[in-house]
Each structure stands twice: as structure tokens, then as C-alpha cells.
Amino acid sequence: MAYDEGLTDRIRSVLDQKGVLFDEKKMFGGLCILVDDKMCIGIIKDEMMARIGEEAEASVQGRAGVRPMDFTGKKMKGFTYVNQTGLDREEDLEFWIDLCLEFNPKAKSSKKKK
């Protein structure tokens, strides 16, 4: 299992309900959800990768199920992992998706390969 299909379906459903246009791309051994061609949310195994920016990242440490994103063995600023404990309730999932969507307009696009 590269990524949790149930979690993926829950995230898709919330994004659809909010009327958010998004694309999906398999990467990092999981699935990345792109909004406005920018990495917004990821699903790796059974965790959500949330791109929320450094400010929000500092404010959510200590919440249930949250840990710093250290995909490469080094902490990635502005990103956090949220496990099932932090995503059990729909309200919790929406909280994280809203943080990701709020940060997305401020996020820098990755450089496209020519």
C-alpha cells in the first residue's frame, strides 16, 4: 500500500464540497494533491502531508497526531505530517485542509522542467 485510499477519498470529498479544483500526481511514494499547480496536500502511507507554511506549522505543534515532516531525514519547513489520530473526525480533516488551502496562494510554485 503506497497510500491510504480511504484517506484519499475523504480528502477528495472535502475538496469537491468546497468547490476546489485540483490535480493529483503520484510522487514521493504516495499521492500529491496540487491546487493551482502547487503542492498542497499529500498522502503518504496512512498519513496526510500538510503544506501549511512556517507560521501555521509553529502554531499546530502539539496537536494530536502531528509531527514535523522529515521525509528526507531533514525537517522540511512549512510542512507537517498528520496521522490518523489527528484526522479521525471530519472536523479535524477539514481543519487541516483549510490550513493547506489558506497557505496555497502564498506558496511558491516549483520550477517547471523545460
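Remark: I97 CD1 to E90 CD distance equals 8.5 Å, nearest 0.5 Å. Atom CE of M76 and atom CZ of R51 lie 8.5 Å apart (nearest 0.5 Å). The SG atom of C100 sits 4.5 Å away from the CD1 atom of I41 when rounded to the nearest 0.5 Å. A distance of 10.0 Å separates CG of D92 from OG1 of T85, quoted to the nearest 0.5 Å.
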Inset, instruction - Apply side-chain contact (heavy atoms from CB on, under 4.5 Å) to Y81 and M48, showing your working. - result: CA-CA 6 Å; Y81 282 129; M48 176 180 175; over 6 Å; no
Inset, instruction - Decide side-chain contact (heavy atoms from CB on, under 4.5 Å) for C40 and L101; before the verdict, give the C-alpha distance in whole Å, the side-chain angles of both, and the deciding distance to 0.1 Å. - result: CA-CA 7 Å; C40 186; L101 293 173; 4.1 Å; yes
Legend entry - side-chain contact (heavy atoms from CB on, under 4.5 Å) between K18 and E94, worked out: CA-CA 10 Å; K18 292 179 177 293; E94 278 197 55; 3.5 Å; yes
Inset, instruction - Could you walk me through whether E47 and I43 pass side-chain contact (heavy atoms from CB on, under 4.5 Å), step by step? - result: CA-CA 6 Å; E47 293 185 303; I43 302 96; over 6 Å; no
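Scanning all heavy atoms of the two residues, the minimum distance from L99 to A56 falls at CD2-CB, 4.3 Å. Listed here is the closest heavy atom pair of W96 and A50: CE3-CB, 4.2 Å.
Between the side chain of D4 and the backbone N or O of L7, at least one donor-acceptor pair lies under 3.5 Å. Side chain of D36 to backbone of K38: no donor-acceptor contact under 3.5 angstrom is found.
Legend: side-chain hydrogen bond (donor to acceptor under 3.5 Å, both in side chains) pairs involving residues 54-66, not counting sequence neighbours, sorted by first then second residue: E57-K75.
Residues F103 and M49 do not share a hydrophobic cluster, defined by chaining ILVMFWY side chains whose heavy atoms lie under 4.5 Å apart.
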Could you give the side-chain donor-acceptor pairs of residues 22-33 under 3.5 Å, partners two or more places apart or in another chain?
from: E24; atom 1: OE1; to: R12; atom 2: NH2; distance (Å): 3.0
from: E24; atom 1: OE2; to: R12; atom 2: NE; distance (Å): 2.6

